Amino acid sequence: MRVAMIGTGYVGLVSGACFADFGHVVTCIDKDAGKIARLEQGEIPIFEPGLDDLVARNVREGRLKFATESAQAVREADAVFIAVGTPSRRGDGHADLSYVYAAAEEIAAQIDGFTVIITKSTVPVGTGDEIEAILERVRPGGNWAVVSNPEFLREGAAINDFKRPDRVVVGTEDERAQAVMRELYRPLYLNETPILFTSRRTSELTKYAANAFLAMKITFINEVADLAEAMGADVQQIARGIGLDGRIGAKFLHAGPGYGGSCFPKDTLALVRTAAMAGSPVRLIETTVQVNDARKKAMAGKIIKAMGGSVAGRRIGVLGLTFKPNTDDMRDAPSLDIVPALQAAGAVVQAYDPEGYEARQLLRDVDFKPGPYEAAEDADALVIITEWDQFRALDLDRVKLLMRAPLVVDLRNIYRPDEMRARGFDYRSIGRP
Ligand SMILES: NC(=O)c1ccc[n+]([C@@H]2O[C@H](COP(=O)([O-])OP(=O)(O)OC[C@H]3O[C@@H](n4cnc5c(N)ncnc54)[C@H](O)[C@@H]3O)[C@@H](O)[C@H]2O)c1
């Protein structure tokens, strides 16, 4: 099949490369000419494990190419995916659909022959109807179908998630479009991946329900962590104790500084807005949003308290700035709340992140270091904000020697309290005695 992917960001590039690897002929399109120029030179604009090899192989074998203009690829395509951003709209938190609608206008003007237009972007219920209205206006009586096919991949494990998903959700009742979607996902069909055909609205809402549930699960364990801390219990053992229950499941039960990233914050907020507008509020998710926002803001206070109540003039080493490991994505990362709050309280911050280069634009007056040991040097405290694997096996004796005071505040619980204390650290973590 011939595929056009409009938007070549985290989702568009991974999905496009994976569809090419399934054997389809894919053009990934982006308005950002710099991004496309880099891709054409064989450079990958984002950090995602395995993506460089996957892209290079499919380009070499002639199944994947890049363009800034969509006209030709869309004209030739059997399937056109919309994978542009849907950030929070300033002011009200609703999903900003301007990029999606602009893409739909562009596609409408160019399609030729029966074409399936598929939203991979996360879009509120009813967006497919709006896209249909745009197509109808620009190309009355055209030969097309609009499908919702939300993406569930996680950054950092995106290729595996795309190629071996727990399920694929396809929202369309159009039989011709269903046949195209079956063909696109044929390798998964053969693997017996569950492919759920639903109505378009059901599919759109399924994506928000999934993200809202996961955000709520994280927020739940974070609150249990605070309670455990107050009561002298251990949240990690509690998470294991409940997670082994098949009805609950062990994933997304790691207590931490609050969820961030490119999806949960904006999608929970958008769901709250959609639900309020529909007159059917989702109060659990409203509370999740509030609790998580407050938590991210409270983390600096936790660090300041661990440092005796004042950080004025003190040097804090920070390990990890991205919202999670194995990505360079800084969107809504907890570090963006924590670091400025520490600086506002008078701390001098030095930091290291293996891939979070964008932090240099987003954080001011931070001394960016080339490695974890440099970030620990002369520090009065070392704070672990993101659990990159390389921070799990640090030479702790070296760290202790480098630091001015051996205080470690571990917001990801990657070390064991007893071991850290045995090594002479003043060690604080989340929800553990
Ligand atoms: N990042 C994730 O982990 C993830 C996971 C699942 C779903 N999603 C959803 O997928 C969508 C895309 O997310 P992302 O993280 O890939 O965003 P992104 O910001 O990384 O990429 C979006 C890209 O679209 C381009 N673009 C915008 N308008 C365009 C147009 N008219 N024509 C061509 N290109 C255009 C932008 O230049 C940008 O490169 C969002 O709705 C998001 O919620 C993201």
Side-chain angles (χ1 to χ4, degrees), residues 4-18 27-39 44-49 51 66-71 73-74 80-89 93-110 117-124 127-128 131 134 148-162 165-169 203-204 206-212 214-215 259-271 322-333 358:
M5 185 69 64
I6 311 287
T8 307
Y10 287 84
V11 165
L13 183 56
V14 171
S15 313
C18 288
T27 305
C28 282
I29 297 140
D30 207 288
K31 289 258 178 268
D32 181 340
K35 195 178 266 189
I36 294 300
R38 289 175 68 186
L39 282 161
I44 305 296
I46 55 169
F47 176 75
E48 178 62 46
L51 190 57
F66 304 100
T68 48
E69 286 302 322
S70 58
V74 169
V80 181
F81 282 89
I82 299 179
V84 301
T86 49
S88 282
R89 195 159 67 191
H94 200 274
D96 177 354
L97 294 170
S98 57
Y99 303 102
V100 171
Y101 293 151
E105 295 263 354
E106 218 175 288
I107 295 163
Q110 294 157 352
I117 294 122
I118 307 138
T119 45
K120 230 187 203 327
S121 301
T122 302
V123 293
T127 304
I131 294 173
I134 291 171
S148 157
N149 172 219
E151 185 48 60
F152 297 97
L153 63 76
R154 295 161 298 168
E155 289 173 16
I159 295 168
N160 191 59
D161 284 353
F162 192 93
D166 292 337
R167 78 318 203 174
V168 174
V169 176
S203 167
E204 288 168 339
T206 301
K207 172 66 190 176
Y208 282 99
N211 274 1
L214 293 173
Y259 62 77
S262 58
C263 293
F264 291 171
K266 78 173 176 62
D267 292 347
T268 45
L269 215 52
L271 181 62
T322 52
F323 86 90
K324 66 172 178 181
N326 291 326
T327 182
D328 56 353
D329 202 335
M330 287 292 302
R331 286 177 279 188
D332 277 317
E358 204 198 348

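The basis for the numbers below is simple: all heavy atoms, side chains too, and nothing from hydrogens, waters or symmetry mates. Atoms within each ligand, like the ligands themselves, are counted from 1 in listed order. Bear in mind that the values here come from a model prediction, so they are computed numbers and not experimental data.
- The line from NZ of K120 to NZ of K207 is 9.0 Å long, rounded to the nearest 0.5 Å.
- Within a 6.0 Å radius of OH in Y101, more than 12 heavy atoms belonging to other residues, nucleotides or ligands are found.
- I131 contributes atom CD1, which lies 11.0 Å from atom CD of E105 (distance to the nearest 0.5 angstrom).
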Handout entry: Criterion side chain to side chain contact (heavy atoms under 4.5 Å, CB included) on L39 and L13, from CA distance to verdict
Key = CA-CA 10 Å; L39 282 161; L13 183 56; 4.0 Å; yes
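- Test N211, V169, D161 against F152 for side-chain contact (heavy atoms from CB on, under 4.5 Å) and you get one pass: V169.
- In terms of N/O distances under 3.5 Å, ligand 1 is approached by T86.
- Within the 4.0 Å heavy-atom criterion, the part of S262 lying near ligand 1 is the side chain and not the backbone.
- For atom 1 (N) of ligand 1, the nearest non-hydrogen atom from the set K266, E105, K207, E155 belongs to E155.
- Closest to atom 22 (C) of ligand 1 among all protein heavy atoms lies G85 N, 3.6 Å.
- Among protein heavy atoms, the minimum distance from atom 10 (O) of ligand 1 is reached at V11 CG2, 3.5 Å.
- Of the N or O atoms in D267, none lie within a sub-3.5 Å distance of an N or O in ligand 1.
- A distance of 6.0 Å separates CZ of R331 from CD of E155, quoted to the nearest 0.5 Å.
- Only the side chain of R331 comes within contact range of ligand 1, with a heavy atom under 4.0 Å; no backbone atom does.
- Note that OG of S15 and CG of N149 are 8.5 Å apart. Values are rounded to the nearest 0.5 Å.
- Ranking the protein heavy atoms by distance from atom 35 (C) of ligand 1 puts V84 CG1, 3.6 Å first.
- Closest to atom 9 (C) of ligand 1, if we only count protein heavy atoms, is T122 OG1, 3.5 Å.
- At a 3.5 angstrom cut-off on N or O pairs, K35 counts as close to ligand 1.
- Of the residues V84, I134, I6, the one that meets the side-chain contact (heavy atoms from CB on, under 4.5 Å) test with V100 is V84.
- Atom 24 (O) of ligand 1 has as its closest protein heavy atom G7 CA, 3.4 Å.
- Looking at E106, K31, E151 and measuring to atom 32 (N) of ligand 1, the nearest heavy atom belongs to K31.
- Atoms OG1 and CG, on T8 and D32 in that order, are 9.5 Å from each other to the nearest 0.5 Å.
- Using a 4.0 Å cut-off between heavy atoms, A83 contacts ligand 1 through its backbone alone, with no side-chain atom that close.
- Note: Y10 OH to D329 CG = 4.0 Å, rounded to the nearest 0.5 Å.
- Scanning the protein heavy atoms around atom 38 (C) of ligand 1, the nearest turns out to be D30 OD2, 3.4 Å.
- Of the protein's non-hydrogen atoms, the one nearest atom 21 (O) of ligand 1 is G9 CA, 3.2 Å.
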